[in-house]
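In the text below, chain A, chain B and the rest are named by the order of the sequence lines, each starting its count at 1.
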Protein chains: 2
Amino acid sequence: MTSQRAYHHGDLRRAVLTAALDAIRDSGPAALSLRDLARRAGVSHAAPAHHFKDRTGLLTAIAAEGFDLLAGALAEAPELRERGVRYVRFCREHPAHFQVMFTPELLRADDPALRAARDRAREQLRSGIGDLETSERGEDARLAGIAAWSLAHGFATLLLAHNLDEPLEGQDPEGVFRGLTGLLFQGR
Amino acid sequence: MTSQRAYHHGDLRRAVLTAALDAIRDSGPAALSLRDLARRAGVSHAAPAHHFKDRTGLLTAIAAEGFDLLAGALAEAPELRERGVRYVRFCREHPAHFQVMFTPELLRADDPALRAARDRAREQLRSGIGDLETSERGEDARLAGIAAWSLAHGFATLLLAHNLDEPLEGQDPEGVFRGLTGLLFQGR
DNA sequence: GACAGAAACTTGTCAATGCCTAGATTTGGC
DNA sequence: GCCAAATCTAGGCATTGACAAGTTTCTGTC
């Protein structure tokens with residue numbers, strides 16, 4: 001999108017993003033070093049700043065990309081329960097994105113691209129809840145929406161922080177999560 | 001406060017911990033600066049290192065304290081649903097602890113105090129699930145345990161990251177959470 | 001096809017930070 | 001009263017993020 005053809009490097013913006021995602025996956029966002037990313041990409045230490053302005057700018061770009069990926073993943077799933085599974089799958093396939101997306105103090109909250117992408121993702125989350133609105137009362141539907149998001153988000157978060165390694169006993173996380181949704185919506 | 005009399009400062013360990021919790025609450029763990037904490041406490045820049053060895057050591061001490069506080073809070077609650085409410089209350093009263101506790105890449109995983117405190121908290125989480133084991137089948141009880149933790153943890157996490165500000169419409173979070181548990185355990 | 005301007009990148013610099021080492025001061029046990 | 005340990009200070013080093021200024025490469029236009 002941004003730069004198809006590139007000047008000295010090729011596509012430094014993408015290279016830095018990818019290297020950042022690797023680093024975050026391994027050591028978290030706190031350990032991220034712009035200068036180290038520059039070294040990995042083979043450019044000078046100030047080159048990344050031209051694409052992202054800032055450390056915060058880089059993380060904001062990652063979060064925006066993450067919300068876009070999440071919105072796309074959710075849009076593929078037809079109904080609410082399957083969207084929860086996609087949410088969990090997303091956090092496993094894109095752990096670095098996921099972690100940055102939900103750490104607001106690392107982000108520039110007023111960034112237009114971030115706001116747009118986050119709104120797209122929220123829209124997908126909300127439209128999934130619409131499935132319930134017909135079968136349940138309005139208030140229950142709202143609660144069910146919060147419950148569904150909390151369940152998926154909590155499961156995803158605990159999973160990434162290795163807090164479910166023991167309880168899961170090596171079982172497939174997505175499969176277990178399907179079981180959880182069965183508990184939550186057993187009355188449906 | 002904690003230790004009776006102290007040497008040069010009074011109780012530097014507690015002072016640094018408290019200042020760190022304030023800083024994390026405001027700006028997250030990434031923005032934490034040991035030198036800034038030392039300045040706030042009115043000591044030299046290397047003084048905190050003597051109590052915590054390290055930046056990681058300070059965060060590990062915070063996490064251990066957090067798990068102890070959480071274990072205490074959960075122990076006060078009689079049954080499972082109320083423990084979930086305590087979990088949510090804990091994250092609001094101790095947001096800095098909560099955030100650090102579940103960010104493993106910031107911590108020294110093999111620290112004995114951390115392991116002990118985390119085990120205490122896990123024991124409290126697990127014993128709450130025991131309430132279910134009598135009324136439900138074994139496999140369902142295990143799933144229900146994961147579900148309950150995921151629900152509470154997801155709600156807490158989304159709450160702290162200000163992702164529920166809009167859906168909650170200004171309602172009391174604990175009250176809403178009680179509603180969520182009603183959905184999860186409606187069959188009980 | 002040259003040229004002007006913009007985009008991409010480099011080099012140099014500065015303040016701040018984490019961590020290490022060595023030394024000074026205070027405390028508590030004997 | 002004295003010694004050892006605990007507590008804290010002072011100085012230094014490598015690394016980092018951010019900024020400023022200059023250089024190279026591309027792009028659109030006449």
Side-chain angles (χ1 to χ4, degrees), chain A residues 1-24 26-63 100 103 105-108 111 113, chain B residues 1-24 26-63 100 103 105-108 111 113:
Chain A
M1 310 280 191
T2 314
S3 64
Q4 59 279 41
R5 178 168 331 188
Y7 305 74
H8 309 93
H9 175 274
D11 191 355
L12 182 58
R13 184 184 160 87
R14 189 67 248 169
V16 168
L17 277 174
T18 304
L21 291 169
D22 279 350
I24 294 171
D26 292 344
S27 325
L32 231 191
S33 153
L34 288 183
R35 288 173 108 106
D36 185 51
L37 299 179
R39 272 189 294 265
R40 292 202 215 181
V43 295
S44 83
H45 64 262
H50 192 267
H51 290 274
F52 302 102
K53 170 102 182 170
D54 219 282
R55 217 182 103 97
T56 305
L58 169 60
L59 292 168
T60 302
I62 289 175
V100 174
T103 311
E105 67 264 20
L106 298 178
L107 308 177
R108 207 164 335 257
D111 181 82
Chain B
M1 324 291 184
T2 311
S3 90
Q4 50 291 18
R5 178 161 326 206
Y7 306 74
H8 307 95
H9 174 272
D11 190 354
L12 183 58
R13 183 184 161 90
R14 189 67 250 167
V16 169
L17 277 173
T18 304
L21 291 168
D22 279 350
I24 293 171
D26 292 344
S27 325
L32 232 189
S33 152
L34 287 184
R35 288 171 109 108
D36 185 50
L37 298 179
R39 273 189 295 265
R40 292 203 215 182
V43 295
S44 82
H45 66 262
H50 192 269
H51 290 274
F52 302 102
K53 173 100 180 170
D54 219 280
R55 215 181 103 97
T56 304
L58 169 59
L59 291 167
T60 302
I62 289 176
V100 174
T103 311
E105 66 264 21
L106 298 177
L107 308 177
R108 207 164 335 256
D111 180 79

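No engagement by Leu58(B) is indicated, since no non-hydrogen atom pair under 4.0 Å with the nucleic acid exists.
Nearest heavy-atom pair across Val100(B) and Ala63(B) is CG1-CB, 4.1 Å. Taking every heavy atom of both residues into account, Ser44(A) and Pro48(A) meet most closely at O-CD, 3.7 Å.
Taking atom NE2 of His51(B) as the reference point, atom C1' of dT7(D) lies 6 Å away to the nearest angstrom. Put simply, CG on Asp54(B) is 13 Å from P on dT21(C), counting in whole angstrom units. At whole-Å resolution of the value, CG in Asp36(B) and C1' in dG18(C) are 14 Å apart. Between the NE2 atom of His45(B) and the C1' atom of dC19(C) there is a distance of 9 Å, rounded to whole Å. Going from atom NE2 of His50(A) over to atom P of dA21(D) covers 16 Å, rounded to whole Å. If you measure from atom CG of Leu34(A) to atom P of dC19(D), you get 12 Å, rounded to the nearest angstrom. Here dT17(C) presents its C1' atom at 18 Å from CZ of Phe52(B), a figure rounded to the nearest Å. Atom CZ in Arg39(B) sits roughly 13 Å away from atom C1' in dG18(C) (whole-Å rounding).
For the OP1/OP2 pair of dG17(D) and a distance below 4.0 Å, the side-chain nitrogens and oxygens of Ser33(A) include at least one atom meeting the criterion.
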Could you pull out every donor-acceptor pair under 3.5 Å between side chains of residues 53-62 of chain B and any protein atom, sequence neighbours left out?
from	atom 1	to	atom 2	distance (Å)
Asp54(B)	OD1	Thr56(B)	N	3.4
Arg55(B)	NH1	Leu32(B)	O	2.5
Arg55(B)	NH2	Pro29(B)	O	3.4
Thr60(B)	OG1	Thr56(B)	O	2.7
Thr60(B)	OG1	Arg108(B)	N	3.0

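In this structure, CZ on Arg39(B) lies 10.5 Å from CG on Leu34(B), to the nearest 0.5 angstrom.
With contacts defined as side-chain heavy-atom distances shorter than 4.5 Å, the pair His51(A)/Leu12(A) qualifies.
Comparing the helix axis at one end of the helix from dG1(C)-dC30(D) to dC30(C)-dG1(D) with that at the other, each defined from 5 consecutive pairs, gives an inter-axis angle of 20° (nearest 10°).
Take Arg40(B) and apply the salt bridge (Lys or Arg N to Asp or Glu O under 4.0 Å) test, not counting sequence neighbours, and it matches Asp36(B).
For Arg55(B), the side-chain atoms get nearest to dC19(C) when compared with the rest of dT9(D), dC9(C), dC19(C). Side-chain proximity of Arg35(B) to the nucleotides dT17(C), dA10(D), dA7(C) is greatest for dT17(C).
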